[in-house]
Every structure is written in C-alpha cells, then in structure tokens.
Q: 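For reference, the structure I am asking about is given below.
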Amino acid sequence: MSLAILGGHPAFSKPQLVGAPFVEPEVREKYHELMDQVFDRKYFTNNGPLVQRFESEIAAIHQVAHCSVTCNATIAQILLLKALGLKGEIILPSFTFIATAHACIWQNLDVVFCDITPDTLMIDPEKAERLITPRTCAIIGVHLFGNVCNVKALTKLCEKHGVKLIFDAAHAFNCSLGDTPVGSFGNGEFLSFHATKFLETFEGGAVLTSVMELNERIDHLRNFGFVDYDKVTSLGINGKMSESSAAMGLASLPMIARRTEKLAYVHRAYRNALDGIPGIRMLPIGETGRSNYHYAVIFVDQERFSVSRDTLNAALWKENIQTRRYFYPGCHQMDYYRSERPSHADPLEVTRLVSQQVICLPTNLDNPDSDTRTIGGVIHEVHLKAEEVNQWESHA
Ligand code: T4K
C-alpha cells in the first residue's frame, strides 16, 4: 500500500465522514409521506401532531414519563438549566462538545471544569466532589460516545451535597445502564437529534424527565413563556421543534435496530482490523449496558505507534478518511474559555492527555468489511512507514 501523503492514491475516492447521516430508502419514503400530510394540514410548527407523536415515541423508548422535543440539544440544555432555576457554579467535564459548557454560560452559570476517568472518558465523581463549594448548584455528567456515566456514584454525590444532577445524553439515544435506559437519571437528561447523530431530525433535541412539573415548565419556556394567547408569564424562548424535523425523526425510528446492528458490526470489524497494531487501542463501548455504537474511538499512544496522533490524523485525511479529534483540546483550552474564564481549580491532567490521543473513526460505512479493513490497513501502514511519515510531517 502506498500512502497518499507519500505520493500514493487516496484509499477512498469519496470522503468517509464521522457522523454521516443514514437516510435509508425507507426513511426517505416515509419522510415524504409524512411531509405530504404536513403540507395538506398546513400546520408546520408550534407543537403540531407529529411533534406530539415523536415525543410519545421517544419517551416510550427511554421508558421515561416525559419528553419535550426542541430545535436542538443546546437549547434543550438551556431550557433544562433555566427550568431547574439553577444559579451559581456548575460542575461539568471539559472533555465534551463545546455546547455543554456554552449552554451553562448562556444561563449565567459559572462553569467549573472537572477531569474525567481515563478508562471511560467521562466525569470522575471523586474529582467532582473535590470541586463542590457552597456555590455549586449542579453537576452535569456527559454520557459519551454511546457509553453511560457512573450514574450511581454521581447520584449519591449529588444527594449527599444537595445539588442537582443533569445528564448530557446527546450521544446516548437508546443507550442504557444495565437494563435502565437513559432518560430518567438525575433531574433531567437531554438528547441531540443533530444531523450527525444516531437518530437525526436535521436539527433537534429533547429533554427527558420523570418530573411532571419540570416537563410542564420546559414546555412553557420553549414557547416564549406563553400561558394563553395574550399572556406571557416568563422569559421564554423559541425552542420548538418543527413538524418537518419531527417527520424525519418518526421516519427514522423504525431503523433503530438495523442501525444499531450495523454499527455494532462496524465496531467488531474495526477491532479485527486494528488488532495487533502497536500503540492503537479502541475505547470499549457498551460494556455497562446497551449502546448505539454510533462512535468508534481509538487512542494513539505516540511512543508505541511511533507517529503522533495529529500526524496520523493528517495522513488519514489525505486518504479521504475524515476522522475527527473529538474532543480536542477540551473546552477549557478553547480560546473563549482561556481568555474570558481562565481559572479552574482542577489541572485536568487526564483530559489533557486523552484529548491528545483520541481519534473518532467513520462508522456509517457503505461496505463495513472492506472499508474497516482499508482504514485499519492505512493506520498500520502509517506505523510501518513511521520514519518516512514523520519526515513528511516535518516538511509539511
Ligand atoms: N453535547 C454533546 C456531547 C454533543 O456532542 C453535542 C453536539 C451537543 C451537546 C449539542 O447538540 P446540538 O445542539 O448540536 O443538537 C458536530 C455536530 O454539529 C454537533 O451536533 C455534535 N455534538 C458534534 C459532536 O459534532 P462539528 O462542529 O464537528 O460539525 P461538522 O459540521 O464539522 O460535522 C461533523 C461531521 O459530520 C463531518 O464529518 C461532516 C458530517 N456531516 C455533517 C453534517 C452537518 C454530514 O455528513 N452531514 C451533515 O449534514 O459538530
């Protein structure tokens, strides 16, 4: 195999993307059918019938009493934080998508970044406890890459200190801890239905909770704070999901089992393809419950692989394998947080190390067997040609 960075042809003629939407033929057909109904009804948004149906289905899948769908997960989080009336400091991992932190700032909360455990890449409950102060109002656990947080330890911790517990379940659609699906953990959890997610509605999100009053408050806030046609009692926002997004979600729901099976297969295929490459290890997924297997994450140990994570990433891109470094460099290292909110009590050592090692691989592949073999083959070749690859990098 001749690597593209060393003058060979790219391994793929079209880009292989992390987060490429599925859009099976059945989804297209059902979506068009539902959209015909929407056009006939001429009712496009504001808690329409498809939105209500979608909410019931999502609640049932997650075995939770209440679901409010929203225009995206970032707004879902803002609504949840506001509905809980949170004020003061909020503890969350830095190793997450920037939206988890930004949503807190939009709600005027002071973010306190916490480190993660190296085996799970999710918030470390022991380190979180050390960050609790009298101003702490809540902790956010982020269920990452299709795995679920240490819910038990976090629940105990939050009960002990009398603070609220929220879960960012953007990656955790239809995931569970043991037999319990995400959705009813803590005070509330939120999902993302962004185009790049396991279940997509173009843009979309949802808040799940077992508390009826919280659900009512969120429904109220997502519609500008209206209580009647001419009566507004709260500072609400427009957080509504449109009928077209709900149609996409409903059309995609029958595909859950097939997608999960496909992605689990891709995981196994990657494991085989990467087996034995020095310095490459996959993040275990689904070991504590059900997963959707939507993300495949590898760690690059530079010393053993002989090439840095960033050079491997650049080499993969040249092959049209458009990997992502989720979540490098960690929220606390993003310019905004470094310049505007520079102080953090925890040195976030694990976050720093892990964010320099991770690469997310494409999972929605057309040909899982041959594509994973090709990607594994490229990674192996980068290792075998480490000397030339590193020379290329030093001249790039
Ligand atoms: N919490 C967590 C833990 C999250 O991961 C996210 C979002 C949120 C909260 C907030 O959820 P939302 O408010 O977005 O509902 C992407 C997504 O935009 C973002 O939703 C997602 N996490 C994050 C992990 O990934 P970027 O900046 O990497 O997006 P972008 O445009 O570079 O696309 C990513 C990949 O997907 C590329 O390989 C291209 C491909 N793609 C993208 C789109 C939009 C497609 O193939 N088709 C598409 O339509 O953030």
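Atoms within a ligand are numbered from 1 in the order they appear, just like the ligands themselves. Position 1 is the first residue of the sequence, and the numbers go up from there. Just so you know, these numbers use all the heavy atoms, side chains as well, and skip hydrogens, waters and symmetry mates.
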Q: Among all the protein's non-hydrogen atoms, which is closest to atom 11 (O) of ligand 1, and how far away is it?
A: A73 CB, 3.3 Å
Q: Nearest protein heavy atom to atom 42 (C) of ligand 1, by residue and atom, and its distance?
A: T196 CG2, 3.5 Å
Q: In this structure, does ligand 1 have an atom that sits under 4.0 Å from one of the heavy atoms of K197?
A: yes
Q: Check this for me: does any side-chain nitrogen of one of R325 and D310 sit under 4.0 Å from a carboxylate oxygen of the other?
A: yes
Q: Does ligand 1 have an atom that lies less than 4.0 angstrom from a heavy atom of G204?
A: yes
Q: Could you tell me whether some N/O pair between F327 and ligand 1 is separated by less than 3.5 angstrom?
A: no
Q: Is any heavy atom of the protein nearer than 4.0 Å to atom 26 (P) of ligand 1?
A: yes
Q: Give a yes or no on whether H9 atom NE2 has more than 12 heavy-atom contacts from other residues, nucleotides or ligands under 6.0 Å away.
A: no
Q: Mark yes when over 12 heavy atoms from residues, nucleotides or ligands other than E33 sit less than 6.0 Å from its CD; otherwise mark no.
A: yes
Q: Within a distance under 4.0 Å of any heavy atom of T100, pick out the atoms of ligand 1 and give their elements.
A: 1 (N)
Q: Please identify which atoms of ligand 1 are closer than 4.0 Å to at least one heavy atom of T74.
A: 10 (C), 12 (P), 13 (O)
Q: To the nearest 0.1 Å, how far is atom 36 (O) of ligand 1 from its closest protein heavy atom, and which atom is that?
A: V18 O, 3.0 Å
Q: Establish, yes or no, whether the cationic atom of R309 lies under 6.0 Å from the six-membered ring centre of Y328 and within 45° of the ring axis.
A: yes
Q: Heavy atom under 4.0 Å from ligand 1: found in A99's side chain, backbone, both, or neither?
A: side chain
Q: Is a salt bridge present between R281 and D301, judged by a nitrogen-to-oxygen distance below 4.0 Å?
A: no
Q: May I ask you to list the atoms of ligand 1 that are less than 4.0 angstrom from any heavy atom of T96?
A: 3 (C)
Q: If you take the nearest heavy atom of each of R325, H194, Q322, which one is closest to atom 20 (O) of ligand 1?
A: H194
Q: Looking only at non-hydrogen atoms, which of P21, A20, A195 approaches atom 47 (N) of ligand 1 most closely?
A: P21
Q: What pair of heavy atoms forms the shortest contact from C137 to K87, and how long is it?
A: CB-O, 3.2 Å
Q: Hey, are N313 and T323 close enough side-chain-wise for a donor-acceptor pair under 3.5 Å?
A: yes
Q: To which of H143, H171, Q16, R324 does the heavy atom nearest atom 30 (P) of ligand 1 belong?
A: R324
Q: Give a yes or no on whether a salt bridge exists between K156 and E159, defined as a side-chain N under 4.0 angstrom from a carboxylate O.
A: no
Q: Near Y265 OH, under 6.0 Å, is it more than 12 heavy atoms from other residues, nucleotides or ligands?
A: no
Q: For atom 15 (O) of ligand 1, find the nearest protein heavy atom and state the residue, atom name and distance (0.1 Å precision).
A: S192 OG, 2.8 Å
Q: Look at atom 1 (N) of ligand 1 and say which protein heavy atom is nearest, naming residue and atom and giving the distance to 0.1 Å.
A: D168 OD2, 2.6 Å
Q: Compute the shortest N/O to N/O distance between Y295 and ligand 1 and return yes if it is under 3.5 Å, no if not.
A: no
Q: Starting from atom 16 (C) of ligand 1, what is the nearest protein heavy atom, named by residue and atom, and what distance separates them?
A: Y326 OH, 3.8 Å
Q: Would you mind running through ligand 1 and noting each atom that sits below 4.0 Å from a heavy atom of L17?
A: 38 (O), 46 (O)
Q: Looking at R352 and E349, does any basic side-chain N land under 4.0 Å from a carboxylate oxygen?
A: yes
Q: Counting heavy atoms not belonging to D40, are there more than 12 under 6.0 Å from its CG?
A: yes
Q: Which heavy atom of the protein is the closest neighbour of atom 6 (C) of ligand 1, given with residue, atom name and distance?
A: F97 CD2, 3.3 Å
Q: Under 3.5 Å between any N/O of F190 and any N/O of ligand 1: does that happen in this structure?
A: no
Q: Name all residues meeting the salt bridge (charged side-chain N to carboxylate O under 4.0 Å, His left out) criterion together with R258; count only those two or more places apart in sequence or in a different chain, and write none if there are none.
A: E26
Q: Taking side chain to side chain contact (heavy atoms under 4.5 Å, CB included) as the definition, give me every residue that meets it alongside P49, ordered by chain and number, with sequence neighbours left out.
A: R41, Y43, E243
